[in-house]
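Scroll down for the structure; my scribbles are underneath it.
Each chain gets a letter, A, B and so on, in the order the sequences are listed, and its residues count up from 1.
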Amino acid sequence: MSRLIQAFNRREAEQNCLSLLQLCNTFSKLKQIHSHLLKSGLHNNPLVLTKFSTTCSELNNIDYATSFVFCKEADTHLYDTFLFNAIIRAYAQTNHTKQNAIFCYNLMLRYSIKPNKFTYPFLLKASAGMLGLNLGKQIHGAVVKYGFDSDLYVQNTTVHMYCCCVGGIEFARNVFDEMPKSSAVSWSAMIGGYVRLGRSTEAVDLFRKMQFDGVRPDEITMVSVLSACADLGALELGKWVQRYIDKEGIPRSEELCNALIDMFAKCGDIDEAIKVFRNMNEKTIVSWTSVIVGLAMHGRGKEAVDFFDEMRRVGMKPDGVAFIGMLTACSHAGLVEQGCRYFDLMVNEFSIVPKIEHYGCMVDMFSRAGHLSKALEFVKEMPIEPNPVIWRSLIYGCRSHGELELSESISKRLIGDEPMHGSNYVLLSNVYAKMSKYEKKTKIRNVMDKKGIKKVPGCTMIELNNEIYEFVAGDKSHDQYEDIYRMVDEMGRAIKKAGFVATTSDVLLDIDEEDKEDTLNKHSEKLAIAFALLNSPPRTMIRIVKNLRVCTDCHAATKFISKVYEREIVVRDRNRFHHFRDGSCSCKDFW
DNA sequence: GTAGGGTTAG
């Protein structure tokens, strides 16, 4: 090696050194090269220095390069834009080193090294990951000041950066709207930004505008659009997107297939999701996990277990997310023993350190199944501090299994920790309602009113004839609302005749029985179902999406509706799917 | 010699 570097002339030595670095694939080799650099004096070469830094970064050890480049003895005359770009890029790539990227940028300015148009995408990427809107604005300001804001690459990264900052989406949209020219990348960045914020309707609208503007989407754009469909539960739209992808010859990348699987699973067509999965040539852990999570959401725990076993047979190694899927599957299907086995398997065989989410799944599983003391014991033995999500699953379990005192003591604590979080009050008040403690329930309600705490309003979406409709409780904003309410009344009479008795205990308000029933009848899911009965052909399936958990009364009523009106009704709630058919639900009343 | 957007859970 030393002979190679000490070649006849400096130029040749430089070239040799660059190719050595190019081929270097281990850190020990790199150290060897480093010592030869120092001996031969080649460390005083800007090209070599930059390549050295890039190689360090590729071997995940950028700190090694910087400690050398920026040491006290270093020759600062060697610093140039390329060198800084390489280092900033390396730091921007890794989540926990992003602030170093900004630090190096400041250092660069201090040495009067001019940033160029390549510097800013790295910096914008770094500030995107740090979520600081002010920092993002500063970098954007510098971009404008140096005149790099006319560059398409820089513009796209700026849009992405603002999308990633809390409260930055409108800034992103401003930059996006001002762009004289755009590419699929610009649109994907903006659409992806809306999707990440859960503003899926806007994402879909923007996709439509993209087509109107004649910009050809690529497979990355389609991944975000599918993600929006999944979020909305818009199956028809999702199917249309799938046809569009085929028609336009957009390549089906792994990620695109994964997004298709996820879309079908979240839109209620798990069998189609499995079909996409089976047709994939190369399945990744994400593909497997998406199917497992999908099966879990549909309460098909046994099949999820089969899938997991198949995955292991073909040699795919499960990761922490796959185990979350499995634990959720067990939880939703009441497979407590299986769930415990998977938890042990994860820890002991796969050496995965459980995160709070894994513990959350376990607590949820125990408390749903009514093993409340087991759940509490588990919480006590957890090596990490339980979070409010965990306490809330305990209360949910308390409600289903009549544990009044336990839920009161947990709620007290939760309300102390998060006094403005509405669901902490709603959960407790639901426990009271379930046990007919109406005075206590009213008291909670009054506390909420006094503190100005709002319950998240229930909202149900339904897709019909290429249109997405939204309903909230007592909604009168729809053109057809008179017909809808008439239909709700008719539904109420029909199911009563068939033997349905309203379960009024979930209603928050303390009013007399008849009024309670009236309030129940205005629940958003009932409005959506009535709307669907009015506007879709007889015997066709009805699919609705609810933002909260479905309430006991609506669940019971929907069973009767499915029988009386001969309709299969698929409800996606915040947690899972319910398939209602001929008077019963796929969740077997376990949710 | 350097650059941009994406998928699984909670």
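Between the side chain of Thr54(A) and the base of dG1(B), no donor-acceptor pair of N or O atoms lies under 3.5 Å. Side chain Asn85(A) to base dG1(B): no donor-acceptor pair is found below 3.5 Å. On a pure distance criterion of 3.5 Å, a polar donor-acceptor pair joins the side chain of Thr50(A) and the base of dG1(B).
One interatomic measurement links the two molecules: CE of Met280(A) to P of dT8(B), which rounds to 13 Å at whole-angstrom precision. Protein atom CD1 of Ile285(A) is 9 Å distant from nucleotide atom C1' of dT8(B), rounded to whole Å. As a whole-Å value, the separation of Leu47(A) CG from dT2(B) P is 12 Å. Lys317(A) places its NZ atom 21 Å from the P atom of dT8(B), with the value rounded to the nearest Å. Taking atom CG on Leu256(A) and atom C1' on dG5(B), their separation rounds to 14 Å, with Å as the unit. Per the geometry, CD1 belonging to Ile220(A) stands 9 Å off C1' belonging to dG4(B), to the nearest Å. Rounding to whole angstrom units, CG of residue Asn116(A) and P of dG4(B) are separated by 13 Å. Distance CG (Leu260(A)) to P (dT8(B)): 12 Å, rounded to an integer number of Å.
Side-chain atoms of Tyr79(A) come within 3.5 Å of backbone N or O of Val69(A) as a donor-acceptor pair.
Relative to the side chain of Ser253(A), the nucleotides dA9(B), dG5(B), dG6(B) differ in distance, and dG6(B) lies closest. Here the side chain of Asp80(A) is nearest to one of dA3(B), dG1(B), dG6(B), namely dG1(B). Out of dT2(B), dT8(B), dG6(B), the shortest distance to the side chain of Val223(A) is found at dG6(B). Candidate nucleotides dG10(B), dT8(B), dG4(B) were compared by shortest atom distance to the side chain of Thr289(A), and dT8(B) ranks first. If you check dG5(B), dG6(B), dT8(B) against the side chain of Val286(A), the one that comes closest is dT8(B). Taking only side-chain atoms of Val185(A), from C-beta outward, the nucleotide of dG4(B), dA3(B), dT8(B) with the closest atom is dG4(B).
Under the 6.0 Å cut-off for aromatic ring centres, Phe84(A) and Phe118(A) do not qualify, their centroids lying 6.0 Å or more apart. Aromatic pair Phe103(A)/Tyr91(A): ring centres not closer than 6.0 Å. Taking the six-membered ring for Trp and the full ring otherwise, the centers of Phe52(A) and His34(A) sit less than 6.0 Å from each other. Close placement of the Trp288(A) and Phe277(A) rings is indicated, their centers lying within 6.0 Å of each other.
In this structure, Phe82(A) packs face-to-face on the six-membered ring of dG1(B), meeting both the 5.5 Å centre cutoff and the 30° plane limit.
Partner of Thr221(A) under the side chain to side chain contact (heavy atoms under 4.5 Å, CB included) criterion, chosen from Val215(A), Ile191(A), Leu226(A): Ile191(A).
A salt bridge does not link Lys275(A) to Asp269(A): none of the charged side-chain nitrogens sits closer than 4.0 Å to a carboxylate oxygen.
Heavy atoms from other residues, nucleotides or ligands lying under 6.0 Å from CZ of Arg574(A) number 12 at most.
Residue contacts shown for Tyr120(A) are absent, as no nucleic acid heavy atom lies under 4.0 Å away. Residue Thr221(A) is in base contact, counting any heavy-atom pair closer than 4.0 Å across all strands shown. Note on Lys125(A): only backbone sugar-phosphate atoms sit closer than 4.0 angstrom, heavy atoms only; bases stay farther off. Residue-level contact check: Val293(A) touches the backbone only, with heavy atoms under 4.0 Å from sugar-phosphate atoms and none from bases. Base engagement by Ala184(A) is indicated by at least one non-hydrogen atom pair under 4.0 Å involving a base atom.
Contact between the side-chain N/O atoms of Thr328(A) and the OP1/OP2 oxygens of dG10(B) is found at a separation under 4.0 Å. For dA9(B), one of the phosphate oxygens OP1 or OP2 lies less than 4.0 angstrom from a side-chain nitrogen or oxygen of Lys266(A). The shortest distance between the side-chain N/O atoms of Arg196(A) and the OP1/OP2 oxygens of dG5(B) is not below 4.0 Å.
A perpendicular orientation is assigned to the rings of Trp240(A) and Phe207(A), their planes being inclined by more than 60° (bins at 30° and 60°).
Within residues 137-160 of chain A, the residues having any heavy atom under 4.0 Å from DNA chain B are, by residue number, Asp151(A), Leu152(A), Tyr153(A), Asn156(A), Thr157(A), His160(A).
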